[in-house]
Amino acid sequence: MTIYLYNTLSRKKEIFETVEPNKVKMYVCGPTVYDASHIGHARSVVVFDVLVRYLRARGFDVVYVRNFTDVDDKIIAKANQTGMSCMDLAEKFIQEFYVDMDALKVERATYEPRATHHIDDIIRIVQILIDKGHAYPLDGDVYFAVDRFSGYGKLSGRKLDDMEAGARVDVDIRKRNPFDFALWKAAKPGEPEWDSPWGKGRPGWHIECSAMSFALLGETIDIHGGGMDLTFPHHENEVAQSEAAFGKTFVKYWVHNGFVNINHEKMSKSLGNFLLIKDVLKSYHPEVVRLFLLSSHYRSPIDFNDKIMDESSTALDKVYTLLARLEKRLEKNPVLSQSGDLWERFCEAMDDDLNTAKGIGLVFESVRILNHLLDESDKTFSSTLQQTLLTAWSDLQKIGRILGVFGEVPDQYASDRRSLGLQKTDVDPAWIEQMIADRTSARKAREWQKADEIRKQLEAMNVIIEDRPDGTLWRMG
RNA sequence: GGCGGCAUAGCCAAGUGGUAAGGCAACGGUCUGCAAAAUCGUUAUUCUUCGGUUCAAAUCCGAAUGCCGCCUCCA
């Protein structure tokens, strides 16, 4: 088995080889907790959630760190605006983050450190950088000197000279180079502050990740992830800080996920189109959201819109319908069997730079084949077929555990879908049940016209019914 | 101005040298009292355009066009 991962550093897919055999040290930049999480956060978190699940399924011992940035300009600004303390504000949004991500079935990371819990580690690294001549104090601030780190720009593919040409950085004449960035910021009145050798202050944005990564994972880690926008300056600066401080390679594989657009527009404050996870979940099942997020390759931009979400819902329904059929056919409480062809091919897709889109394609291909087999098996039955169905069911379960989908009991899923659908209308489920009961009597009496009339009425309310041998089911269209 | 990415059917989306996965939508058949679900079939001789390399290109190289991202906080 060979896993390939695209490395932003080399701009190529590379063979994934860990520093220590079978052990993966992975750090992903988490949210700055000053507001509720949006669908873009969801993509990043879900993508790396799947990466960790997959690596673990492939036998790696993964230590996964995802941080919270809980001290920052934006948090201070929001705190001042709302009258909350920075600490309370950060705590509030950390809890909201967990509510959203738990709903999206995201597994917890091994460590979920907060910047403010690592101030000592941060100060220690800043001091090392000063001692080594990579940083300089200035009026209570401390800046990293980009000129003193020869590798500066290697991650994002920039050269200092080129950047200065179009310089859109605010010129702070005190700094030695306009691209020097703050490791430590002197405290201003009313801001959170900690004692340091340079006076009271707080950490800059980039240093916390270097510090927490070092504290929890050591000098060199295997994977560092985050959204594409973090490549520069955030990750570039992390490389500079960590490698300048410790003289070792900081990260072997840099993995960056693409953005989520909303109706073909970038999410932005000015457009006011930030789509919060909690709002999305009012309309769509969490697994629909995951399926949508994973239906494109993680580095491609994706577009969130009602049409694509409805299609994802239909697609997920299809899988659950098949699972329900399979489970009815198999023995009671089937147990996972040996892996089959579907799982093998899924892994091949995932080995190739986490190609979830291809993997999901394979799932749907096998759903069709299995439905066909089930149709056929109504006529002919064999134990070979039974084994085939069990293996396929088992593979689907395993795939679902990687992608974080297909995890519900099919009946529960159907009932969740009904509830979500009902929220959009004011149809009373008791009324629906009554209509269906009326229709059933009409059908028994062979009053087809009356039965069809009722069905049309239900359809007008977006209620789709399905006559099964053992009764009539309904769902929201 | 600098750096980078993308362009595959009506829509979404895989495919990085060997002759176009999958989903949605649409239409037709099977099943059904009729539907729904499921299934079968049809829907790209062709991958933005133009050159080049090759026995062979959607895939590699060059150019053009279009869209997008980063360079400022951003997942």
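Chain naming here is simple, since letters A, B, ... match the order of the sequence lines and numbering starts at 1 in each.
Both A:Asp317 and A:Arg439 lie near RNA chain B, and the one whose nearest nucleotide falls closer to the 5' end is A:Arg439. Positionally, the nearest nucleotide of RNA chain B for A:Tyr298 lies more toward the 5' end than for the other of A:Tyr298 and A:Phe232.
Side-chain contact check for A:Asn257 versus A:Phe48: some heavy-atom pair is nearer than 4.5 Å. Under the 4.5 Å side-chain criterion, counting only non-hydrogen atoms from C-beta, A:Asn67 is not in contact with A:Tyr111. Taking the side chain as every heavy atom from C-beta outward, A:Tyr413 and A:Asp317 approach each other to under 4.5 Å. At least one side-chain heavy atom of A:Glu265 sits less than 4.5 Å from a side-chain heavy atom of A:Asn273. Side-chain atoms of A:Asp100 and A:His41, non-hydrogen and from C-beta on, never get closer than 4.5 Å to each other. Residues A:Gln95 and A:Glu91 are in side-chain contact: their nearest non-hydrogen atoms beyond the backbone lie under 4.5 Å apart.
Taking the six-membered ring for Trp and the full ring otherwise, A:Tyr98 and A:Phe68 have centroids separated by under 6.0 Å.
Nucleotides B:G5 and B:C61, compared at atom P, are 11 Å apart to the nearest Å. Nucleotides B:A58 and B:C47 place their P atoms 7 Å apart, quoted to the nearest Å. Comparing the C1' positions of B:A21 and B:G15 gives an interatomic distance of 7 Å, to the nearest angstrom. Between the P atoms of B:A75 and B:C71, the separation comes to 12 Å (whole Å). A distance of about 22 Å separates the P atoms of B:C68 and B:A63, rounded to the whole Å. The separation of B:A20 from B:U30, taken at their C1' atoms, amounts to 29 Å, rounded to a whole angstrom. For B:C6 and B:U48, the P atoms lie 13 Å apart once the distance is rounded to whole Å. As rounded to the nearest Å, B:A36 and B:U59 have C1' atoms that lie 42 Å from one another.
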For every nucleotide of nucleotides 15-22 of chain B, 5' to 3': is a protein heavy atom under 4.0 Å from its base (B), only from its sugar-phosphate (S), or from neither (-)?
S-----BS
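Interface residues of residues 300-308 of chain A facing RNA chain B, ordered by number: A:Ser300, A:Lys307, A:Ile308; criterion, heavy-atom separation under 4.0 Å. Within a heavy-atom distance below 4.0 Å of RNA chain B, the residues of residues 466-477 of chain A found are A:Glu466, A:Asp467, A:Arg475.
Comparing B:G33, B:A35, B:A75 against the side chain of A:Asp452 picks out B:G33 as the nearest. Minimum atom distance to the side chain of A:Ser44 is reached by B:A75, of the listed B:A75, B:A37, B:U72. Closest to the side chain of A:His372, from the set B:C70, B:A38, B:U39, is B:U39.
Under the 30°/60° scheme for interplanar angles, the aromatic rings of A:His206 and A:His234 are found to be tilted. Using the six-membered ring where Trp is involved, A:Tyr253 and A:Phe16 have ring planes that are tilted, between 30° and 60° apart.
Across every strand in view, B:C34 sits unpaired, with no contact that passes the Watson-Crick or G-U test at under 3.5 angstrom. Nucleotide B:A9: unpaired (no Watson-Crick or G-U wobble partner with both distances less than 3.5 Å). For B:A26, the paired nucleotide is B:U42, the pair qualifying as Watson-Crick or G-U wobble because both relevant distances are below 3.5 Å. Under the Watson-Crick and G-U wobble criteria, each requiring two contacts below 3.5 Å, nucleotide B:C47 is left unpaired. Using N1 to N3 plus N6-O4 or O6-N4 for Watson-Crick, or N1-O2 and O6-N3 for G-U wobble, each under 3.5 Å, B:C55 pairs with B:G18.
Base engagement by A:Val260 is indicated by at least one non-hydrogen atom pair under 4.0 Å involving a base atom. Among the heavy atoms of the strands, none lies under 4.0 Å from A:Ile39. The residue A:Met228 sits apart from the nucleic acid: no heavy atom pair falls under 4.0 Å. Among the protein residues, A:Phe259 comes within range of the nucleic acid bases, having at least one heavy atom under 4.0 Å from a base atom. Within 4.0 Å (heavy atoms only), A:Gly227 reaches sugar-phosphate atoms of the nucleic acid but no base atom. Note on A:Arg43: nothing from the nucleic acid sits closer than 4.0 angstrom, heavy atoms only. As judged by a 4.0 angstrom heavy-atom cut-off over every strand, A:Gly30 is placed among residues making no nucleic acid contact.
One interatomic measurement links the two molecules: NZ of A:Lys12 to P of B:G5, which rounds to 12 Å at whole-angstrom precision. As rounded to whole Å, 19 Å separates atom C1' of B:A36 from atom CE of A:Met461. Atom CD1 of A:Ile75 is separated from atom P of B:C73 by 15 Å (rounded to the nearest Å). Summarising the geometry, the separation between CE on A:Met350 and P on B:A14 is reported as 14 Å, rounded to the nearest angstrom. With rounding to whole Å, A:Ile369 atom CD1 is found 9 Å from B:C40 atom P. Residue A:His256 contributes atom NE2, which lies 18 Å from atom C1' of B:C68 at whole-angstrom precision. Put simply, CZ on A:Phe181 is 12 Å from P on B:C73, counting in whole angstrom units. Distance A:Phe292 CZ to B:A13 C1': 12 Å, rounded to the nearest Å.
A:Lys78 and A:Tyr34 get closest at one heavy-atom pair: NZ-O, 3.2 Å.
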Could you go through residues 399-410 of chain A and list every donor-acceptor pair under 3.5 Å that involves a side-chain atom there, pairing it with any protein atom two or more places apart or in another chain?
unit_1: A:Glu408; atom_1: OE2; unit_2: A:Lys105; atom_2: NZ; d: 2.7

Quick one: side chains of residues 443-465 of chain A, donor-acceptor pairs under 3.5 Å with protein atoms, not counting sequence neighbours, listed by atom name and distance.
unit_1: A:Arg443; atom_1: NH1; unit_2: A:Asp467; atom_2: OD1; d: 3.4
unit_1: A:Asn462; atom_1: ND2; unit_2: A:Gly477; atom_2: O; d: 3.1

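Only one option out of A:Cys29, A:Cys209, A:Ser156 pairs with A:His235 in a side chain to side chain contact (heavy atoms under 4.5 Å, CB included); it is A:Cys29.
For A:Lys318 and B:U39, the shortest distance from a side-chain N or O to OP1 or OP2 is below 4.0 Å. For the OP1/OP2 pair of B:C70 and a distance below 4.0 Å, the side-chain nitrogens and oxygens of A:Lys266 include at least one atom meeting the criterion. Distances shown here put a side-chain N or O of A:Asn371 below 4.0 Å from the OP1 or OP2 atom of B:U39.
A salt bridge between A:Lys185 and A:Asp72 is absent, with no side-chain N of the basic residue lying under 4.0 Å from a carboxylate O of the acidic one.
Within the structure, every pair that satisfies the side chain to side chain donor-acceptor pair (under 3.5 Å) test and touches residues 288-299 of chain A, not counting sequence neighbours, is listed here: A:Asp49-A:Arg290, A:His297-A:Asp353, A:Tyr298-A:Asp353, A:Arg299-A:Asp353.
A donor-acceptor contact under 3.5 Å is formed by the side chain of A:Arg443 with the base of B:G33.
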